[in-house]
Amino acid sequence: MMARSKQLIILFDVDGTLTKSRNKIEQSMVDTLKSLCKLHYVGIVGGSDYHKIKDQVGQDVFEMVDFVFTENGLYSFKNGEHFHTQSLNKFVGEDQLQKFINFTLLQLSQIQLPLKRGTFIEYRNGMINISPIGRNCSQQERDDFEQYDHQHKVRKQLIEKLENEFKDLNFKYSIGGQISFDVFPKGWDKTYCLQFLNEFEKVYFFGDKTFEGGNDHEIYIHERTIGQQVNNPQETIKYLNELFLKN
């Protein structure tokens, strides 16, 4: 590999940016990333855990890029080697976590939807993921719920109840993907990973959920980043060709 300048690094969200939501990465994106990695430093930052991100982008891509920040950087890799871990239960405490989870389960039980499936709360190393429909739904059910939620604001209303009940926890609530939202201490959004990138002069970030309340918003507007909003992986490839890969 030719010497690359640390003038910049390019970061990517996963769902809706490198892949279709919860789908595996397509070969066209892999080929584009391979070309990009020859010229620039590249990183991935996603809210999902290590296993989910590796399953989506594949082991080859996982080891090809310079940084992989799973769970927004709370479980981080550099050159394929794990180098950082932070834990929600240590930071918040088990008693407070259980109060939060119990209240959330009660609220979820009172929400009436066209359908519900399983796994409504998923505890991760650095966040809690909450899904009113349940993460075990099919892709078609995901698509249907996304449209239903767009009209009825199911996730937004639940977040408002949790914010009101747990003001003292200083939690951040971030809607991402089609069916769920993430809950984590303020500052544990995707900007968390920036502390590990001080060697770079510029940080570009590509993401789709850049609107206020979306899980790409904080890093997209951060003073250290140059944000690029995309709507799908095809747009990501288009902008990469225009900005970094044109001859």
Side-chain angles (χ1 to χ4, degrees), residues 6-22 25 29 32-33 36-37 40-50 52-54 56-57 61-62 65-78 83-86 88 91 124-129 155 159 170-178 180-233 235-240 243-244:
K6 289 192 175 179
Q7 181 182 3
L8 65 90
I9 184 171
I10 306 163
L11 293 181
F12 297 94
D13 165 55
V14 180
D15 275 350
T17 303
L18 291 181
T19 74
K20 296 177 182 177
S21 184
R22 292 307 302 146
I25 195 167
M29 182 62 75
T32 301
L33 288 178
L36 190 66
C37 286
H40 302 288
Y41 286 87
V42 176
I44 294 172
V45 52
S48 296
D49 63 25
Y50 164 77
K52 286 188 175 67
I53 289 181
K54 187 173 73 169
Q56 277 188 266
V57 302
V61 174
F62 202 91
V65 301
D66 302 282
F67 292 90
V68 179
F69 300 109
T70 71
E71 300 182 61
N72 292 346
L74 298 173
Y75 198 71
S76 297
F77 294 79
K78 182 178 181 179
F83 74 91
H84 176 78
T85 301
Q86 177 60 283
L88 180 62
F91 187 81
R124 300 174 183 172
N125 186 57
M127 67 176 68
I128 299 171
N129 180 267
R155 288 181 288 182
I159 286 172
N170 202 32
F171 275 165
K172 177 76 175 179
Y173 301 82
S174 181
I175 294 175
Q178 296 178 287
S180 64
F181 61 91
D182 297 327
V183 185
F184 46 85
K186 289 184 178 178
W188 286 22
D189 51 56
K190 289 182 179 177
T191 63
Y192 186 91
C193 74
L194 295 177
Q195 65 186 293
F196 306 116
L197 302 176
N198 291 328
E199 61 193 297
F200 298 97
E201 297 177 28
K202 295 179 182 179
V203 180
Y204 282 81
F205 172 76
F206 284 69
D208 66 317
K209 297 292 191 301
T210 59
F211 53 85
E212 187 170 0
N215 63 357
D216 296 326
H217 179 71
E218 289 81 9
I219 191 169
Y220 175 74
I221 65 169
H222 195 275
E223 60 183 9
R224 282 206 60 211
T225 66
I226 302 170
Q228 177 62 63
Q229 196 275 333
V230 297
N231 294 306
N232 51 60
E235 275 198 7
T236 300
I237 292 175
K238 172 180 176 290
Y239 283 119
L240 288 175
L243 295 171
F244 303 109

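Throughout, numbering of the chain's residues begins at 1 and tracks the sequence.
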Open item on the list: Among residues at least two apart in sequence or on other chains, which ones pass side-chain contact (heavy atoms from CB on, under 4.5 Å) with Gln229?
Closed with: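 side-chain contact (heavy atoms from CB on, under 4.5 Å) check on Gln229 returns Thr210, Tyr220, Asn231.
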Open item on the list: Among residues at least two apart in sequence or on other chains, which ones pass side-chain contact (heavy atoms from CB on, under 4.5 Å) with Ile221?
Closed with: His217
Looking only at non-hydrogen atoms, find the nearest pair between [X] and [Y] and report the distance.
X	Y	result
Val61	Ile25	CG2-CD1, 4.4 Å
Pro185	Gly126	CD-O, 4.3 Å
Ile9	Leu197	CD1-CD2, 4.0 Å
Cys193	Val45	SG-CG2, 4.2 Å

Task: Polar side-chain atom of Arg224 near backbone of Leu194 as donor-acceptor pair, under 3.5 Å - done: yes
- [ ] Would you check if the side chain of Ser180 reaches a backbone N or O of Asn129 as a donor-acceptor pair within less than 3.5 Å?
- [x] no
Open item on the list: If the condition is ring pair (Phe, Tyr, Trp, His ring centres under 6.0 Å), which residues does Phe91 pass it with, not counting sequence neighbours?
Closed with: Trp188
Task: Contacts of type ring pair (Phe, Tyr, Trp, His ring centres under 6.0 Å), residue Phe62, not counting sequence neighbours - done: Tyr50, Phe77
Open item on the list: Quick check on Glu212: does its CD atom have over 12 non-hydrogen neighbours (other residues, nucleotides or ligands) under 6.0 Å away?
Closed with: no
Task: Within 6.0 Å of NZ in Lys172, more than 12 heavy atoms from elsewhere - done: no
Task: side-chain contact (heavy atoms from CB on, under 4.5 Å) evaluation trace for Asp49 with Tyr75 - done: CA-CA 8 Å; Asp49 63 25; Tyr75 198 71; over 6 Å; no
Open item on the list: Applying side-chain hydrogen bond (donor to acceptor under 3.5 Å, both in side chains), can you list everything that pairs with Lys209, at least two apart in sequence or on another chain?
Closed with: none
- [ ] Show your working on side-chain contact (heavy atoms from CB on, under 4.5 Å) between Asp208 and Ser21 and close with a plain yes or no.
- [x] CA-CA 11 Å; Asp208 66 317; Ser21 184; over 6 Å; no
Open item on the list: In terms of relative ring orientation, are Phe83 and Phe196 parallel, tilted or perpendicular, with 30° and 60° separating the classes?
Closed with: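 Perpendicular.
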Task: Within residues 13-22 or reaching into it, pairs that qualify as salt bridge (Lys or Arg N to Asp or Glu O under 4.0 Å) - sequence neighbours excluded - done: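 Qualifying pairs: Asp13-Lys190, Lys20-Glu26.
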